[in-house]
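Not measured: the values here are computed from a predicted model.
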Amino acid sequence: NAGVTQTPKFQVLKTGQSMTLQCAQDMNHEYMSWYRQDPGMGLRLIHYSVGAGITDQGEVPNGYNVSRSTTEDFPLRLLSAAPSQTSVYFCASSYSSAGGHEQYFGPGTRLTVT
Amino acid sequence: KQEVTQIPAALSVPEGENLVLNCSFTDSAIYNLQWFRQDPGKGLTSLLLIQSSQREQTSGRLNASLDKSSGRSTLYIAASQPGDSATYLCALHPDDKIIFGKGTRLHILP
């Protein structure tokens, strides 16, 4: 049981490049989400999904796309990277919709945009 | 807009002492609350989840309480150890969008 996995662990992009951050969980969790963590700003929700085929925006969705074609995977796409997207990105999952269910986090992806 | 506040932002405590970390939120409606630990350069590890119908949860040396009427939660750590040094975050579960505090950075002095 690997829990929540994220790849890559580190990534450096040039401004304007695109990439996909991968997130997978093997716990059959319905709810998955993406956060970014910045110094002084805490964790901020980017996008979340309450089940396969269902996604919604969080607090800071601009510049990011998501899709949920399977229960296990929830990739985060950066369409055209900007220096403001330099951050640590965390994926999380829980059994069901967030309220009342324990959240499990992945180890994070540290992204630098130059 | 719901806000979650953790004060102080940083705390240093001698080893062996008991300590309390605070978390407050602006809307005292019925919510679940979760405490996490984050080590430098790592992800978040869940410590305790308090359901809205509960007043407290315990795990080993940790005890978390929830007072909805005052909009406060506390995390009590007994007999602190250097290995407890980390950042502790609380998170409110009002709906599908979880709201995090900015955390308290705890340093246990050997």
Side-chain angles (χ1 to χ4, degrees), chain A residues 2-7 9-10 21 23 25 27 29-51 54-61 66 68 74 87-110, chain B residues 1-10 21 23-27 29-55 57 59 62 64 66 68 73 86-105:
Chain A
V4 180
T5 58
Q6 291 183 239
T7 56
K9 285 186 168 49
F10 301 94
L21 279 63
C23 174
Q25 51 88 12
M27 297 174 281
H29 283 173
E30 291 293 325
Y31 181 89
M32 297 185 74
S33 56
W34 277 101
Y35 294 85
R36 59 178 291 173
Q37 186 175 38
D38 303 290
M41 301 296 292
L43 279 153
R44 293 180 291 170
L45 182 65
I46 304 172
H47 286 285
Y48 65 97
S49 168
V50 299
I54 306 169
T55 63
D56 206 345
Q57 297 181 348
E59 183 184 355
V60 289
V66 292
R68 184 95 179 271
F74 191 43
S87 186
V88 181
Y89 291 85
F90 290 102
C91 178
S93 74
S94 68
Y95 175 74
S96 182
S97 180
H101 292 279
E102 192 170 5
Q103 293 287 310
Y104 295 86
F105 277 76
T109 294
R110 188 174 297 273
Chain B
K1 178 184 172 185
Q2 177 71 256
E3 290 186 0
V4 178
T5 304
Q6 293 185 251
I7 295 174
L21 304 179
C23 173
S24 61
F25 38 96
T26 52
D27 183 352
I30 307 300
Y31 296 143
N32 305 303
L33 189 140
Q34 190 169 358
W35 282 92
F36 294 88
R37 167 190 174 132
Q38 185 176 28
D39 293 290
K42 303 292 185 184
L44 279 69
T45 300
S46 177
L47 297 173
L48 291 163
L49 171 67
I50 310 176
Q51 302 280 354
S52 59
S53 58
Q54 298 172 321
R55 292 184 63 87
Q57 279 283 352
S59 176
L62 305 179
L66 176 62
K68 296 187 293 285
S73 176
T87 297
Y88 291 80
L89 299 101
C90 65
L92 212 57
H93 291 217
D95 50 30
D96 292 338
K97 301 179 183 180
I98 302 172
I99 305 168
F100 279 85
K102 293 182 180 179
T104 294
R105 191 170 63 253

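- For A:Q6, no part sits under 4.5 Å from any heavy atom of chain B, backbone or side chain.
- Distance check, rounded to the nearest 0.5 Å: CD of A:E59 to CD1 of B:I98 gives 13.0 Å.
- Side-chain contact between B:F100 and A:R44: absent, with no pair of heavy atoms (C-beta onward) separated by less than 4.5 Å.
- Looking at B:I50, neither its backbone nor its side chain comes within 4.5 Å of chain A, counting heavy atoms on both sides.
- Applying the ring-ring contact (aromatic ring centres under 6.0 Å, His included) test to A:H29 and every residue at least two apart in sequence or in another chain returns A:Y104.
- Under a 3.5 Å cut-off, the side chain of B:K97 and the backbone N or O of A:L45 do not form any donor-acceptor pair.
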Donor-acceptor pairs under 3.5 angstrom involving side-chain atoms of residues 42-49 of chain B: please list them, not counting sequence neighbours.
residue	atom	partner	partner atom	Å
B:S46	OG	A:E102	OE2	2.6
B:S46	OG	B:Q34	NE2	2.8

task = Apply the test side-chain contact (heavy atoms from CB on, under 4.5 Å) to residues A:H101 and B:H93: give CA-CA distance (whole Å), side-chain angles for both, the deciding distance (0.1 Å), then the verdict.
result = CA-CA 9 Å; A:H101 292 279; B:H93 291 217; over 6 Å; no

request  = Would you sort out whether B:Q38 and A:F105 count as a side-chain contact (heavy atoms from CB on, under 4.5 Å), showing the intermediate values?
outcome  = CA-CA 10 Å; B:Q38 185 176 28; A:F105 277 76; over 6 Å; no

